[in-house]
Number of protein chains: 2
Amino acid sequence: MPSGLSAAEMARIDQLITTRRKVRRKAPLFRAGEPFHALYAIRTGVFKTCVTAEDGRDQVTGFHMAGEIVGLDGIVQDHHTCDAVALEDSEVCVLPFDRIGELSREVGALQHHLHRVMSREIVREHGVMLLLGSMRAEERVAAFLLNLVQRLQARGFSPSELVLRMTRQEIGSYLGLKLETVSRTFSRFAQEGVLEVQHRFVRIADVERLRSVLAQPGSGF
Amino acid sequence: MPSGLSAAEMARIDQLITTRRKVRRKAPLFRAGEPFHALYAIRTGVFKTCVTAEDGRDQVTGFHMAGEIVGLDGIVQDHHTCDAVALEDSEVCVLPFDRIGELSREVGALQHHLHRVMSREIVREHGVMLLLGSMRAEERVAAFLLNLVQRLQARGFSPSELVLRMTRQEIGSYLGLKLETVSRTFSRFAQEGVLEVQHRFVRIADVERLRSVLAQPGSGF
DNA sequence: CGACGGCTTGACGCTAATCAATATACGTGG
DNA sequence: CCACGTATATTGATTAGCGTCAAGCCGTCG
């Protein structure tokens with residue numbers, strides 16, 4: 001969270017956190033169309049966010065874990081434009097947005113922190129656009145796994161082992177692939193000795209090889 | 001720009017605009033890696049923004065026209081993470097970011113306006129992710145053209161005619177397609193009487209048919 | 001224990017990428 | 001201002017990669 005704050009400032013920011021909210025697996029934190037009044041800081045658990053087109057198609061736009069903020073989409077129209085759904089039993093801090101506005105006027109560091117959070121989300125989405133626009137299936141899956149373990153490692157988990165909290169379908173939606181393609185790609189990596197895959201459990205057996213998949217756009221010749 | 005402001009508030013916001021800057025066609029407004037110190041409000045002209053991966057691949061992340069803000073990517077790391085390049089001779093207002101911070105603490109409406117601008121960009125990118133993740137080539141091109149004319153119409157231009165300021169290559173990069181596919185899709189639409197295309201000039205001959213392309217995920221059977 | 005959701009694997013088809021040749025517009029310098 | 005050279009665009013032939021459809025397996029949860 002924000003750094004460089006005095007004790008007094010910290011005390012004020014604590015006022016922000018009015019409520020915590022538990023969200024059970026598969027339950028929505030919010031849904032597109034609902035009125036927006038708060039951002040949510042994830043304390044524990046994992047969420048997916050997804051947008052839905054008029055014709056019903058939907059797209060997972062991100063997977064979010066402890067320490068990350070969701071709900072930023074709601075600011076512009078005063079109502080949410082995507083769904084946030086818990087992938088496991090989770091807990092969030094509710095941060096009423098009008099309070100954030102007031103407080104960030106008094107505490108400059110909070111203001112700047114919020115700006116950075118929003119900017120980070122924009123930059124993250126640029127990365128996803130690069131992935132969706134120019135990578136092949138193997139590269140997408142490799143990038144996805146490397147990104148996940150990196151974030152897990154930053155939270156004190158293993159840099160080489162992880163348990164997927166999402167289905168192949170959801171991974172596929174996020175990566176612009178069908179679930180069969182995700183499954184096949186996992187299998188191929190496993191066969192090549194890059195990964196060990198057992199359902200939701202994944203061990204990265206050869207990080208270098210996995211990284212090298214990203215370096216070679218034209219596939220592995 | 002922001003509404004609901006007193007004259008005094010307006011006067012303060014005018015202080016924001018210290019400089020204008022002209023950018024010639026093909027010249028960068030900023031480049032990835034450069035230090036960030038300002039946002040840019042486009043006065044005239046068109047820009048593309050694009051990110052580049054380590055391996056050199058790049059991806060156009062957006063096309064931006066008068067009234068839109070670019071540079072939001074730079075906030076999080078204090079340096080830009082993408083390039084903004086003028087597609088025609090253009091002019092921007094330079095909005096020094098530290099001033100924005102100070103002023104938005106005094107003028108609540110400005111603060112909220114900035115939040116909305118950033119949130120709008122996040123939501124826009126969700127839409128692009130949906131496009132890249134789940135649409136077929138025809139749908140992507142149709143969505144691209146409809147989005148462009150809609151924005152042009154909001155600026156007082158024709159709802160059915162436009163001049164593309166970007167190459168097929170750039171359109172393709174934005175849409176996750178190769179330039180040949182973009183060209184072929186234009187040709188097919190022209191052959192079906194949906195579009196008239198002459199190089200950079202496009203006339204939408206049948207908006208309804210173009211819209212209906214989007215409604216049918218499974219292609220046009 | 002049975003049923004259902006999630007996952008894997010195979011066979012096949014289709015879309016868009018690739019490679020290539022040509023045409024057209026644009027910009028630049030003589 | 002014209003001519004040349006280069007960027008941009010169109011179009012065709014072929015292919016690779018992913019999607020689709022289908023069948024069967026596994027694991028979980030009621």
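Everything numeric in this text was worked out from a predicted model, so none of it was measured. Order of the sequence lines sets the chain letters (A, B, ...), proteins ahead of strands, with each chain counted from 1.
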* To do: Take atom CG of B:L195 and atom C1' of D:dA9, then tell me their distance rounded to the nearest Å.
  => 16 Å

* Between B:R168 (CZ) and C:dA25 (P), how many Å, whole number? -> 12 Å

* Asked: Do you know which of B:K22, B:R24, B:R25, B:K26 makes side-chain hydrogen bond (donor to acceptor under 3.5 Å, both in side chains) with B:D89?
  -> B:R24

* Report the nucleotide, chosen from C:dT9, C:dG6, D:dA9, that has the shortest atom-to-atom distance to any side-chain atom of B:T167. => D:dA9

* To do: Assess whether side-chain hydrogen bond (donor to acceptor under 3.5 Å, both in side chains) is satisfied between B:T81 and A:H126, documenting all intermediate values.
  => CA-CA 9 Å; B:T81 60; A:H126 285 174; 4.7 Å; no

* Interatomic distance where CD belongs to B:E180 and P belongs to C:dT15 [whole Å] -> 18 Å

* To do: Start with the C-alpha distance between B:T49 and B:T61, add both sets of side-chain angles, then the distance that settles side-chain hydrogen bond (donor to acceptor under 3.5 Å, both in side chains), and finish with yes or no.
  => CA-CA 6 Å; B:T49 47; B:T61 56; 2.9 Å; yes

* Asked: Checking all strands, does A:R200 fall into the base, sugar-phosphate, or nothing category for heavy-atom contacts under 4.0 angstrom?
  -> sugar-phosphate

* Asked: Rounded to whole angstroms, how far apart are CZ on B:R188 and C1' on D:dG12?
  -> 14 Å

* Asked: For the pair made of CE in B:M135 and P in C:dT15, what is the distance, rounded to whole Å?
  -> 17 Å

* Structure fact -> Of the candidates D:dG19, D:dT11, C:dT9, the side chain of B:S187 sits closest to D:dT11

* Structure fact -> A:K178 atom NZ is separated from D:dC21 atom C1', nearest whole Å, by 13 Å

* To do: Output yes when a side-chain donor or acceptor of B:S187 lies under 3.5 Å from a complementary backbone atom of B:S183, and no otherwise.
  => yes

* Counting only heavy atoms not in B:R155, do more than 12 fall under 6.0 Å of its CZ? -> yes

* Structure fact -> Here the distance between atom P of C:dA16 and atom CG of B:L132, to the nearest Å, is 13 Å

* Nucleotide nearest A:S183 (side chain, heavy atoms from C-beta), chosen from C:dT8, C:dA11, C:dA16 -> C:dT8

* Structure fact -> A:E170 CD to C:dG5 P, in whole Å, measures 15 Å

* Asked: If you check every side-chain atom of B:L177, which of D:dT10, C:dA17, D:dA13 has the closest atom?
  -> C:dA17

* To do: Could you check whether A:L179 gets within reach of a base, just the sugar-phosphate, or nothing at all, counting any heavy atom under 4.0 Å?
  => base

* Closest nucleotide among D:dT20, D:dG12, C:dT24 to the B:H199 side chain -> C:dT24

* C:dT8, D:dT20, C:dG6: which one has an atom nearest the side-chain heavy atoms of A:R184? -> D:dT20

* To do: Indicate, with a heavy-atom threshold strictly under 4.0 Å, whether A:G172 touches base, sugar-phosphate, or nothing.
  => nothing

* Pairwise 5' ranking along DNA chain D for A:V182 and B:Q169, keeping only the more 5' one -> B:Q169

